[in-house]
**Student:** 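Below you will find the structure I want to go over with you.
Indexing begins at 1, ligand by ligand and atom by atom, following the structure's order.
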Amino acid sequence: MKLTNRLKVIASLVPGESIVADIGTDHGYLPIYLLKNNDVRHVYATDVNRGPLQAAKEFVTENKELKRVDLILGDGLSCVKEKDVDGAVIAGMGGILIQEIIQRDFDKAKALSWMILQPMTAPEKLREYLMQNGFEIIREELAKEQRRIYQIMLVKFTGESTNYQNSFYYHIGEKNVKENHPLAGEMIEQYKEKQQKILRKCEEKTTPTTQKRIEEVLALLRQIEEVEQDYANGKNTGHVE
Ligand SMILES: C[S@@+](CC[C@H](N)C(=O)[O-])C[C@H]1O[C@@H](n2cnc3c(N)ncnc32)[C@H](O)[C@@H]1O
């Protein structure tokens with residue numbers, strides 16, 4: 001079975017022999033891949049919408065895995081609250097939605113041995129929330145499909161709140177830089193180009209609002225440059241690409 005690069009990197013972080021909740025499973029590709037390739041024991045494949053859950057049911061049936069996959073219609077972690085799961089994957093949703101899912105069932109999120117989170121947007125909001133609320137980001141990964149680089153994090157509740165000195169790390173993950181992920185340089189460059197574009201746009205027409213925005217962008221660009229320097233000083237480690 002062939003998975004997209006993003007889902008493959010997510011799967012590479014799921015511990016073998018675990019009982020997994022795939023929150024927002026959609027097509028159900030990840031549960032089947034995990035059963036076939038990661039030796040996971042059981043998957044709770046959940047979705048808040050009927051259409052995606054039906055698609056997942058068809059895929060699971062096609063793969064003759066109805067015994068090892070429970071399909072549950074429900075919102076976030078609430079539908080696995082009473083289930084004995086080791087960890088959860090919450091992928092392919094906005095960072096703020098992932099944050100809300102964790103916040104709504106905080107006790108369940110705290111009790112899990114691991115969570116694998118893959119925000120499509122606002123990774124900085126999600127990281128800030130996690131770090132301020134006692135979750136440790138144990139590992140960061142990146143996956144590239146065409147030009148888009150996806151961010152994936154493995155987290156666990158420890159109860160210790162932390163923060164980053166340079167706030168650009170909330171956007172791209174400190175470990176991606178310090179551990180010199182092969183895609184981190186390209187991701188930094190993409191962020192930098194985006195900020196420079198915003199800056200040029202704001203400079204075309206200066207008003208008090210754009211002036212404030214210019215100052216914010218310039219401050220972020222200074223932080224990006226510091227991080228770029230950190231990345232240049234690092235050394236390579238073996239990451240999944
Ligand atoms: C873009 S798909 C991602 C599918 C898969 N997780 C992936 O990464 O490829 C997002 C899925 O999350 C589901 N979803 C959105 N909000 C949810 C929530 N609060 N609880 C459970 N599922 C949710 C949607 O119905 C949709 O099927």
**Student:** What protein heavy atom lies closest to atom 20 (N) of ligand 1? Include the residue and the distance to one decimal.
**Tutor:** Gly76 N, 2.8 Å

**Student:** Listing request: all side-chain hydrogen bond (donor to acceptor under 3.5 Å, both in side chains) pairs with a residue in residues 195-207, at least two apart in sequence or in separate chains.
**Tutor:** Thr207-Thr210

**Student:** Quick one: does Asp22 get an N or O within less than 3.5 Å of an N or O on ligand 1?
**Tutor:** no

**Student:** Work out which heavy atom in Met120 is nearest to a heavy atom in Tyr150; give both atom names and the distance.
**Tutor:** CE-CE2, 3.7 Å

**Student:** For ligand 1, is any non-hydrogen atom under 4.0 Å from Met93's backbone (N, CA, C, O), its side chain (CB onward), both, or neither?
**Tutor:** side chain

**Student:** Does an N or O anywhere in Val48 fall below 3.5 Å from an N or O of ligand 1?
**Tutor:** yes

**Student:** Judged by atom type as modelled, is there a donor-acceptor pair below 3.5 Å linking the side chain of Asp22 to the main-chain atoms of Val43?
**Tutor:** no

**Student:** Just do the side-chain contact (heavy atoms from CB on, under 4.5 Å) check on His181 and Lys175 with the steps written out, would you?
**Tutor:** CA-CA 8 Å; His181 194 290; Lys175 283 194 160 76; over 6 Å; no

**Student:** What closest approach, in Å, do Ile96 and Ala122 show between heavy atoms, and which atom pair accounts for it?
**Tutor:** CG1-CB, 4.3 Å

**Student:** Just to be sure I'm reading this right: ignoring hydrogens, which of Leu97, Asn49, Ile98 gets closest to atom 16 (N) of ligand 1? Compare them by their nearest heavy atoms.
**Tutor:** Leu97

**Student:** Could you check atom 11 (C) of ligand 1 against the protein and tell me its nearest heavy-atom contact, residue, atom and distance included?
**Tutor:** Gly24 O, 3.7 Å

**Student:** Applying side chain to side chain contact (heavy atoms under 4.5 Å, CB included) between Leu218 and each of Glu215, Arg222, Glu216, report the one that passes.
**Tutor:** Arg222

**Student:** For atom 27 (O) of ligand 1, what is the closest protein heavy atom, and at what distance to 0.1 Å?
**Tutor:** Asp47 OD2, 2.7 Å

**Student:** Does His27 come within less than 4.0 Å of ligand 1, judged by its heavy atoms?
**Tutor:** yes

**Student:** Using atom types as modelled and distance alone, determine if a side-chain donor or acceptor of Glu65 lies under 3.5 Å from a backbone N or O of Val60.
**Tutor:** no

**Student:** For ligand 1, which atoms sit closer than 4.0 Å to a heavy atom of Asp75?
**Tutor:** 18 (C), 19 (N), 20 (N)

**Student:** Testing Glu140, Gln132, His171, Glu174 for side-chain hydrogen bond (donor to acceptor under 3.5 Å, both in side chains) with Arg127, which one passes?
**Tutor:** Glu140

**Student:** With a 4.0 Å heavy-atom cut-off (strictly under), which part of Ala91 contacts ligand 1: side chain, backbone, both or neither?
**Tutor:** both

**Student:** Once rounded to the nearest 0.5 Å, what's the spacing between atom CG of Leu30 and atom CE of Met1?
**Tutor:** 8.0 Å

**Student:** For residues 101-110, please give each side-chain donor-acceptor pair under 3.5 Å, one per line with the distance, not counting sequence neighbours.
**Tutor:**
{"residue": "Gln103", "atom": "OE1", "partner": "Tyr129", "partner atom": "OH", "Å": "2.5"}
{"residue": "Arg104", "atom": "NH2", "partner": "Asp75", "partner atom": "OD1", "Å": "3.2"}
{"residue": "Arg104", "atom": "NH2", "partner": "Asp75", "partner atom": "OD2", "Å": "3.4"}
{"residue": "Asp105", "atom": "OD1", "partner": "Lys81", "partner atom": "NZ", "Å": "3.3"}
{"residue": "Asp105", "atom": "OD2", "partner": "Ser78", "partner atom": "N", "Å": "3.2"}
{"residue": "Lys108", "atom": "NZ", "partner": "Val80", "partner atom": "O", "Å": "3.4"}
{"residue": "Lys108", "atom": "NZ", "partner": "Lys81", "partner atom": "O", "Å": "3.4"}
{"residue": "Lys108", "atom": "NZ", "partner": "Lys83", "partner atom": "O", "Å": "2.9"}

**Student:** In the protein, what heavy atom is nearest to atom 1 (C) of ligand 1, and what distance, to one decimal place, separates them?
**Tutor:** Gly92 O, 3.3 Å

**Student:** With a 4.0 Å cut-off on heavy atoms, is Gly51 in contact with ligand 1?
**Tutor:** no

**Student:** What is the nearest protein non-hydrogen atom to atom 2 (S) of ligand 1, stated with its residue, atom name and distance?
**Tutor:** Asp26 OD2, 3.6 Å

**Student:** List every atom of ligand 1 that sits less than 4.0 Å from any heavy atom of Pro52, numbering the atoms from 1 in the order shown and giving each element.
**Tutor:** 25 (O), 27 (O)

**Student:** Is the closest N or O pair between Thr46 and ligand 1 shorter than 3.5 Å?
**Tutor:** no

**Student:** In this structure, which one of Leu13, Asn176, Val89 forms a side chain to side chain contact (heavy atoms under 4.5 Å, CB included) with Ile152?
**Tutor:** Leu13

**Student:** Does a donor on one side chain sit under 3.5 Å from an acceptor on the other, for Glu225 and Gln229?
**Tutor:** no

**Student:** Against ligand 1, does Glu100 come closer than 4.0 Å with any heavy atom?
**Tutor:** no

**Student:** Side chain, backbone, both or neither: which applies to Val89 and ligand 1 if a contact is any heavy-atom pair less than 4.0 Å apart?
**Tutor:** neither

**Student:** Pull out every atom of ligand 1 sitting under 4.0 Å from any heavy atom of Gly74, numbered as shown with elements.
**Tutor:** 20 (N), 21 (C)

**Student:** Just to confirm my output: which protein heavy-atom neighbour is closest to atom 8 (O) of ligand 1, and how far is it?
**Tutor:** Arg6 NH1, 2.8 Å

